[in-house]
Amino acid sequence: MIKVGILGATTPVAGEIIRILIHHPEVELRTLHAPTLAGHPVTSAHHGLWGEETLLFTEKADFAHLDVAIICAPSEAAEAAIEACDRKPEMRLIDLTGRYGPFEFGLSEINRKPLVRGARRASVPAPLASVALIALYPFAAALMLNNDIAVTAEGSLGTSTPAEDAIAIEQRLAAVQNSFSSRVIIDDKSAGGGRGMRLRIAFPSTLTVADACRLYDGIYDDHNFTFLTPRPVKLKEVEGTQKCLINVSKPDAASILLDVVADSTMRGAAGDAVHLLNLLFGLHERTGLDLKVTTF
(Lines give C-alpha, C1' and ligand atoms only; values in the text may rest on other atoms or scores of the structure.)
Protein backbone atom coordinates (compact mmCIF):
# COMPACT_ATOMS: atom_id res chain seq x y z
CA MET A 1 0.00 0.00 0.00
CA ILE A 2 1.13 3.56 -0.74
CA LYS A 3 1.35 5.48 2.52
CA VAL A 4 0.01 9.00 1.97
CA GLY A 5 0.30 12.16 4.04
CA ILE A 6 -1.77 15.28 3.32
CA LEU A 7 -0.38 18.64 4.46
CA GLY A 8 -2.93 21.40 4.91
CA ALA A 9 -5.52 18.72 5.50
CA THR A 10 -8.36 21.07 6.49
CA THR A 11 -8.44 22.89 3.13
CA PRO A 12 -11.31 22.21 0.70
CA VAL A 13 -8.99 20.59 -1.84
CA ALA A 14 -7.65 18.29 0.88
CA GLY A 15 -11.20 17.25 1.75
CA GLU A 16 -11.82 16.31 -1.87
CA ILE A 17 -8.55 14.34 -2.01
CA ILE A 18 -9.51 12.46 1.16
CA ARG A 19 -12.92 11.68 -0.33
CA ILE A 20 -11.23 10.06 -3.32
CA LEU A 21 -8.39 8.31 -1.49
CA ILE A 22 -10.51 6.55 1.14
CA HIS A 23 -11.82 4.46 -1.79
CA HIS A 24 -8.45 4.09 -3.57
CA PRO A 25 -7.46 0.41 -3.57
CA GLU A 26 -3.70 1.05 -3.33
CA VAL A 27 -3.59 3.83 -0.72
CA GLU A 28 -3.34 4.00 3.05
CA LEU A 29 -3.93 7.47 4.53
CA ARG A 30 -1.35 7.83 7.30
CA THR A 31 -1.12 11.56 8.06
CA LEU A 32 -3.69 14.37 7.87
CA HIS A 33 -1.56 17.28 9.03
CA ALA A 34 -3.60 20.07 10.68
CA PRO A 35 -2.03 21.24 13.98
CA THR A 36 -4.97 23.49 14.93
CA LEU A 37 -7.35 20.51 14.85
CA ALA A 38 -4.94 17.81 16.05
CA GLY A 39 -6.82 14.92 17.62
CA HIS A 40 -10.14 15.91 16.11
CA PRO A 41 -11.87 13.66 13.58
CA VAL A 42 -11.61 14.52 9.89
CA THR A 43 -15.36 15.17 9.90
CA SER A 44 -14.82 18.25 12.08
CA ALA A 45 -13.66 20.04 8.92
CA HIS A 46 -15.01 17.87 6.10
CA HIS A 47 -18.63 17.13 6.96
CA GLY A 48 -19.30 15.18 3.79
CA LEU A 49 -17.16 12.34 5.20
CA TRP A 50 -19.60 11.49 8.00
CA GLY A 51 -20.04 7.73 8.15
CA GLU A 52 -17.14 7.02 5.82
CA GLU A 53 -13.91 7.76 7.69
CA THR A 54 -12.58 7.72 11.26
CA LEU A 55 -9.16 9.29 10.69
CA LEU A 56 -7.95 12.04 13.03
CA PHE A 57 -6.08 15.21 12.18
CA THR A 58 -2.47 15.15 13.39
CA GLU A 59 -0.15 17.73 14.91
CA LYS A 60 3.00 16.33 13.34
CA ALA A 61 3.85 14.86 9.96
CA ASP A 62 5.95 11.71 10.26
CA PHE A 63 7.72 11.65 6.91
CA ALA A 64 9.78 8.60 7.88
CA HIS A 65 6.69 6.47 7.36
CA LEU A 66 5.27 8.15 4.25
CA ASP A 67 5.70 7.25 0.59
CA VAL A 68 4.18 10.50 -0.67
CA ALA A 69 3.21 13.87 0.77
CA ILE A 70 0.52 15.97 -0.91
CA ILE A 71 0.96 19.69 -0.20
CA CYS A 72 -2.40 21.47 -0.09
CA ALA A 73 -1.29 24.67 1.66
CA PRO A 74 2.05 26.46 2.22
CA SER A 75 3.50 25.70 5.65
CA GLU A 76 6.62 24.80 7.57
CA ALA A 77 5.50 21.18 7.25
CA ALA A 78 5.60 21.51 3.46
CA GLU A 79 9.17 22.77 3.65
CA ALA A 80 10.02 19.87 5.97
CA ALA A 81 8.47 17.47 3.44
CA ILE A 82 10.79 18.80 0.73
CA GLU A 83 13.79 18.27 3.02
CA ALA A 84 12.59 14.74 3.81
CA CYS A 85 12.24 14.00 0.10
CA ASP A 86 15.85 15.11 -0.38
CA ARG A 87 16.91 12.51 2.20
CA LYS A 88 14.57 9.71 1.06
CA PRO A 89 15.03 8.82 -2.62
CA GLU A 90 11.91 6.62 -2.52
CA MET A 91 9.63 9.44 -1.32
CA ARG A 92 7.39 11.47 -3.66
CA LEU A 93 5.89 14.98 -3.41
CA ILE A 94 2.79 16.45 -5.06
CA ASP A 95 2.31 20.22 -4.74
CA LEU A 96 -1.04 21.94 -5.32
CA THR A 97 0.08 25.39 -4.14
CA GLY A 98 2.53 26.37 -6.89
CA ARG A 99 4.82 27.74 -4.18
CA TYR A 100 7.52 25.11 -4.31
CA GLY A 101 9.86 23.79 -6.96
CA PRO A 102 11.28 23.29 -9.40
CA PHE A 103 8.91 20.33 -9.68
CA GLU A 104 7.90 18.33 -12.75
CA PHE A 105 4.97 19.92 -14.59
CA GLY A 106 2.03 17.85 -13.33
CA LEU A 107 -0.41 17.78 -16.23
CA SER A 108 -0.49 14.29 -17.68
CA GLU A 109 -2.06 15.28 -21.00
CA ILE A 110 1.04 17.36 -21.75
CA ASN A 111 3.82 15.79 -19.69
CA ARG A 112 2.99 12.13 -19.05
CA LYS A 113 6.29 10.54 -20.09
CA PRO A 114 8.48 12.33 -17.52
CA LEU A 115 5.86 11.69 -14.83
CA VAL A 116 5.96 7.91 -15.36
CA ARG A 117 9.71 7.68 -15.92
CA GLY A 118 11.17 8.40 -12.53
CA ALA A 119 9.74 11.77 -11.52
CA ARG A 120 9.67 12.26 -7.75
CA ARG A 121 8.15 15.73 -7.41
CA ALA A 122 5.27 17.13 -9.42
CA SER A 123 3.31 20.37 -9.25
CA VAL A 124 -0.34 20.69 -10.30
CA PRO A 125 -1.17 23.83 -12.34
CA ALA A 126 -4.29 25.82 -11.40
CA PRO A 127 -7.71 24.68 -12.70
CA LEU A 128 -8.27 27.27 -15.43
CA ALA A 129 -4.70 26.96 -16.72
CA SER A 130 -4.91 23.15 -16.65
CA VAL A 131 -8.13 22.97 -18.65
CA ALA A 132 -7.07 25.62 -21.17
CA LEU A 133 -3.74 23.90 -21.75
CA ILE A 134 -5.40 20.52 -22.30
CA ALA A 135 -7.57 22.14 -24.98
CA LEU A 136 -4.75 24.11 -26.65
CA TYR A 137 -1.87 21.65 -26.43
CA PRO A 138 -2.57 19.74 -29.68
CA PHE A 139 -2.45 23.01 -31.64
CA ALA A 140 0.76 24.13 -29.94
CA ALA A 141 2.38 20.74 -30.55
CA ALA A 142 1.53 21.19 -34.26
CA LEU A 143 3.01 24.76 -34.18
CA MET A 144 -0.36 26.27 -35.08
CA LEU A 145 -0.81 28.96 -32.41
CA ASN A 146 0.44 32.18 -33.96
CA ASN A 147 -2.15 34.75 -32.85
CA ASP A 148 -3.75 35.99 -29.66
CA ILE A 149 -6.09 33.54 -27.92
CA ALA A 150 -9.37 34.70 -26.39
CA VAL A 151 -10.70 32.74 -23.42
CA THR A 152 -14.15 33.34 -21.93
CA ALA A 153 -14.34 31.65 -18.53
CA GLU A 154 -17.57 30.76 -16.74
CA GLY A 155 -18.47 28.78 -13.63
CA SER A 156 -16.04 27.93 -10.84
CA LEU A 157 -12.45 28.80 -11.77
CA GLY A 158 -10.43 27.95 -8.66
CA THR A 159 -8.45 30.36 -6.48
CA SER A 160 -5.94 31.71 -9.02
CA THR A 161 -6.56 35.03 -10.80
CA PRO A 162 -7.14 35.34 -14.56
CA ALA A 163 -3.88 37.29 -14.85
CA GLU A 164 -1.96 34.48 -13.15
CA ASP A 165 -3.67 31.90 -15.34
CA ALA A 166 -2.89 33.82 -18.53
CA ILE A 167 0.80 33.97 -17.64
CA ALA A 168 0.90 30.26 -16.79
CA ILE A 169 -0.79 29.33 -20.08
CA GLU A 170 1.48 31.58 -22.15
CA GLN A 171 4.62 30.20 -20.51
CA ARG A 172 3.66 26.57 -21.05
CA LEU A 173 2.55 27.14 -24.65
CA ALA A 174 5.89 28.82 -25.36
CA ALA A 175 7.67 25.80 -23.88
CA VAL A 176 5.79 23.55 -26.33
CA GLN A 177 5.81 25.86 -29.36
CA ASN A 178 9.03 27.88 -29.35
CA SER A 179 7.61 30.43 -31.78
CA PHE A 180 4.62 31.23 -29.56
CA SER A 181 4.72 34.90 -28.53
CA SER A 182 1.04 35.82 -28.55
CA ARG A 183 -1.20 36.80 -25.67
CA VAL A 184 -3.84 34.80 -23.85
CA ILE A 185 -6.71 37.18 -23.02
CA ILE A 186 -9.11 35.88 -20.35
CA ASP A 187 -12.59 37.34 -19.95
CA ASP A 188 -13.70 36.26 -16.48
CA LYS A 189 -17.47 35.78 -16.41
CA SER A 190 -17.47 33.34 -13.53
CA ALA A 191 -20.42 33.48 -11.20
CA GLY A 192 -18.92 31.42 -8.39
CA GLY A 193 -20.51 28.46 -6.69
CA GLY A 194 -20.81 24.96 -8.03
CA ARG A 195 -17.99 22.80 -9.29
CA GLY A 196 -18.11 23.08 -13.05
CA MET A 197 -16.00 25.29 -15.31
CA ARG A 198 -16.66 26.20 -18.93
CA LEU A 199 -14.03 27.78 -21.17
CA ARG A 200 -14.80 29.09 -24.64
CA ILE A 201 -11.45 29.43 -26.39
CA ALA A 202 -11.24 31.20 -29.76
CA PHE A 203 -8.27 31.82 -32.06
CA PRO A 204 -7.60 32.25 -35.79
CA SER A 205 -7.24 29.02 -37.74
CA THR A 206 -8.19 27.79 -41.20
CA LEU A 207 -8.26 24.16 -40.05
CA THR A 208 -11.51 22.32 -40.61
CA VAL A 209 -13.29 20.76 -37.64
CA ALA A 210 -12.33 17.31 -38.92
CA ASP A 211 -8.65 18.27 -39.15
CA ALA A 212 -8.69 19.79 -35.67
CA CYS A 213 -10.29 16.66 -34.26
CA ARG A 214 -7.55 14.58 -35.85
CA LEU A 215 -5.00 16.65 -33.92
CA TYR A 216 -6.72 15.63 -30.69
CA ASP A 217 -7.01 11.99 -31.71
CA GLY A 218 -3.30 11.86 -32.49
CA ILE A 219 -2.36 13.01 -28.98
CA TYR A 220 -5.16 11.95 -26.65
CA ASP A 221 -6.17 8.61 -28.18
CA ASP A 222 -4.50 6.71 -25.32
CA HIS A 223 -5.41 9.13 -22.53
CA ASN A 224 -8.15 8.31 -20.08
CA PHE A 225 -9.89 11.55 -19.15
CA THR A 226 -9.95 13.92 -22.15
CA PHE A 227 -12.59 13.36 -24.83
CA LEU A 228 -14.14 15.16 -27.80
CA THR A 229 -17.90 15.66 -27.92
CA PRO A 230 -19.99 16.25 -31.07
CA ARG A 231 -21.71 19.26 -29.48
CA PRO A 232 -21.27 21.48 -26.39
CA VAL A 233 -22.42 19.73 -23.21
CA LYS A 234 -23.76 20.85 -19.85
CA LEU A 235 -21.55 21.18 -16.79
CA LYS A 236 -23.42 18.35 -15.10
CA GLU A 237 -21.76 15.95 -17.56
CA VAL A 238 -18.40 16.44 -15.79
CA GLU A 239 -19.10 17.59 -12.23
CA GLY A 240 -17.69 15.07 -9.78
CA THR A 241 -15.42 13.41 -12.36
CA GLN A 242 -11.89 13.77 -13.72
CA LYS A 243 -13.12 14.26 -17.28
CA CYS A 244 -12.33 17.15 -19.60
CA LEU A 245 -14.80 17.33 -22.51
CA ILE A 246 -14.04 19.39 -25.62
CA ASN A 247 -16.23 20.42 -28.52
CA VAL A 248 -14.61 21.89 -31.64
CA SER A 249 -16.55 24.23 -33.93
CA LYS A 250 -16.00 26.86 -36.65
CA PRO A 251 -17.74 30.21 -36.07
CA ASP A 252 -16.37 31.22 -39.48
CA ALA A 253 -13.85 29.97 -42.02
CA ALA A 254 -10.95 31.82 -40.39
CA SER A 255 -11.30 30.78 -36.74
CA ILE A 256 -11.82 27.90 -34.33
CA LEU A 257 -13.89 27.80 -31.16
CA LEU A 258 -13.24 25.25 -28.42
CA ASP A 259 -16.00 24.72 -25.86
CA VAL A 260 -14.38 22.98 -22.88
CA VAL A 261 -15.97 21.78 -19.63
CA ALA A 262 -14.40 20.26 -16.53
CA ASP A 263 -14.82 20.09 -12.76
CA SER A 264 -12.55 22.72 -11.19
CA THR A 265 -12.33 20.82 -7.89
CA MET A 266 -10.86 17.88 -9.83
CA ARG A 267 -8.88 19.19 -12.81
CA GLY A 268 -6.04 21.36 -11.56
CA ALA A 269 -6.93 20.26 -8.05
CA ALA A 270 -7.87 17.07 -6.17
CA GLY A 271 -8.38 14.78 -9.15
CA ASP A 272 -5.07 15.74 -10.72
CA ALA A 273 -3.31 15.14 -7.38
CA VAL A 274 -4.62 11.56 -7.33
CA HIS A 275 -3.89 11.19 -11.06
CA LEU A 276 -0.27 12.20 -10.36
CA LEU A 277 -0.06 9.78 -7.45
CA ASN A 278 -1.05 6.98 -9.80
CA LEU A 279 1.55 7.97 -12.38
CA LEU A 280 4.39 8.49 -9.89
CA PHE A 281 3.83 5.01 -8.45
CA GLY A 282 3.27 3.13 -11.71
CA LEU A 283 -0.47 2.57 -11.31
CA HIS A 284 -3.05 2.75 -14.07
CA GLU A 285 -4.22 6.33 -14.53
CA ARG A 286 -7.84 5.56 -13.72
CA THR A 287 -7.16 3.81 -10.39
CA GLY A 288 -9.47 5.38 -7.83
CA LEU A 289 -10.76 7.88 -10.41
CA ASP A 290 -13.64 5.97 -12.01
CA LEU A 291 -16.06 8.50 -10.61
CA LYS A 292 -19.74 9.09 -11.29
CA VAL A 293 -21.02 12.56 -12.17
CA THR A 294 -22.67 14.13 -9.13
CA THR A 295 -25.91 15.25 -10.79
CA PHE A 296 -27.25 11.88 -11.92
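Because the structure is a prediction, the values reported are computed rather than measured.
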Just checking K234: does its NZ atom have more than 12 heavy atoms from other residues, nucleotides or ligands closer to it than 6.0 angstrom? no
Any ion pair linking E16 and R19 (charged N to carboxylate O, less than 4.0 Å)? yes
Would you say F105 and L133 make side-chain contact, with heavy atoms under 4.5 Å? yes
I'd like to know if E79 pairs up with R99 as an ion pair, taking the criterion as any Lys NZ or Arg NE/NH1/NH2 lying under 4.0 Å from an Asp or Glu carboxylate oxygen. no
Just by distance, no angles: are the side chains of H24 and N278 close enough, under 3.5 Å, to form a donor-acceptor pair? yes
Name the one of V151, L257, I256, N147 that satisfies side-chain contact (heavy atoms from CB on, under 4.5 Å) with F203? I256
Ring centres under 6.0 Å, that's the criterion: do H275 and F225 meet it? yes
List the atom of I219, the atom of A141, and the distance in Å for their closest heavy-atom pair. CD1-CB, 4.0 Å
Any salt bridge linking R120 with E90? Criterion: basic side-chain nitrogen under 4.0 Å from a carboxylate oxygen. no
Can you list everything that forms a side-chain hydrogen bond (donor to acceptor under 3.5 Å, both in side chains) with T152? Sequence neighbours excluded, please. none
Pairs where residues 271-285 contributes a residue and the test salt bridge (Lys or Arg N to Asp or Glu O under 4.0 Å) is met, not counting sequence neighbours: R112-E285, R267-D272
Output, in order, the C-alpha distance, side-chain angles, deciding distance and verdict of side-chain contact (heavy atoms from CB on, under 4.5 Å) for N224 and H284. CA-CA 10 Å; N224 289 278; H284 191 279; 3.7 Å; yes
Please determine if R214 and D217 form a salt bridge, counting it only when a charged side-chain N lies under 4.0 Å from a carboxylate O. no
Pairing donors with acceptors under 3.5 angstrom, does anything connect the side chains of S264 and S156? yes
Is it the case that N146 and Q177 place a side-chain donor and acceptor less than 3.5 Å from each other? yes
Determine the minimum heavy-atom distance between C72 and T11, stating which atoms define it. CB-OG1, 3.5 Å
Tell me yes or no: between the side chains of E109 and T226, is some donor less than 3.5 Å from an acceptor? yes
Closest non-hydrogen atoms of A273 and L96, given as atom of the first, atom of the second and distance, are CB-CD1, 3.8 Å
Side chain to side chain, I169 and L128, heavy atoms closer than 4.5 Å: yes
Just to verify, what does Y216 make a ring-ring contact (aromatic ring centres under 6.0 Å, His included) with, not counting sequence neighbours? F139
What do the steps show when you test V261 against V233 for side-chain contact (heavy atoms from CB on, under 4.5 Å), and what is the final call? CA-CA 8 Å; V261 295; V233 299; 3.6 Å; yes
Linking Ile, Leu, Val, Met, Phe, Trp and Tyr by side-chain heavy atoms under 4.5 Å, what else ends up with I185? none
Taking the side chain as every heavy atom from C-beta outward, state whether V68 and L277 have any pair of such atoms under 4.5 Å apart. yes
Clusters formed by hydrophobic residues whose side-chain heavy atoms approach within less than 4.5 Å: which one holds I82, and what are its other members? L7, F63, L66, I71, M91, L93, Y100, F103
R92/D67 ion pair, N-O < 4.0 Å: no
Give a yes or no on whether the backbone of F227 and the side-chain of K243 come within a donor-acceptor separation of less than 3.5 Å. no
Would you say that L56 contacts V42 through its side chain, given a criterion of any heavy-atom pair below 4.5 Å between the two side chains? no
For a 4.5 angstrom cut-off between non-hydrogen side-chain atoms, does P127 reach M197? yes
Under the 3.5 angstrom rule, does the side chain of S130 hit a backbone N or O of A126 as a donor-acceptor pair? yes
Verify, without hydrogens or angle tests, whether E170 (side chain) and I167 (backbone) share a donor-acceptor contact under 3.5 angstrom. no
List in chain and number order the residues that pass salt bridge (Lys or Arg N to Asp or Glu O under 4.0 Å) with D86, two or more places apart in sequence or in another chain; answer none if no residue qualifies. R121
Quick one, V248 and L258 - any side-chain contact, counting heavy atoms below 4.5 Å? yes
Whether T58 side chain and L32 backbone form a donor-acceptor pair below 3.5 Å: yes
Does the E28 side chain pair with the main chain of K3, one donor and one acceptor, at a distance under 3.5 Å? no
With a 3.5 Å distance limit and no angle check, can you tell me whether Y220 reaches the backbone of L228 through a side-chain donor-acceptor pair? no
Can you check whether H46's main-chain N or O pairs, donor with acceptor, with T43's side chain at less than 3.5 Å? no
Should I18 and L29 be marked as a side-chain contact (heavy atoms from CB on, under 4.5 Å) after you check the CA-CA gap, both sets of side-chain angles, and the distance that decides it? CA-CA 8 Å; I18 295 166; L29 279 169; 4.1 Å; yes
Do the non-hydrogen side-chain atoms of T241 and D263 ever get within less than 4.5 Å of each other? no
Can you confirm whether R183 is buried at CZ, in the sense that more than 12 heavy atoms of other residues, nucleotides or ligands lie under 6.0 Å from that atom? no
Are the side chain of S75 and the backbone of A77 linked by a donor-acceptor contact shorter than 3.5 Å? yes
Under the side-chain contact (heavy atoms from CB on, under 4.5 Å) rule, what do V260 and L245 come out as? Steps first, then yes or no, please. CA-CA 6 Å; V260 194; L245 302 182; over 6 Å; no
Is any side-chain heavy atom of I149 closer than 4.5 Å to one of F180? yes
To check you understand the geometry: which heavy-atom pair defines the closest contact between I186 and A153, and what is its length? CG2-CB, 4.4 Å
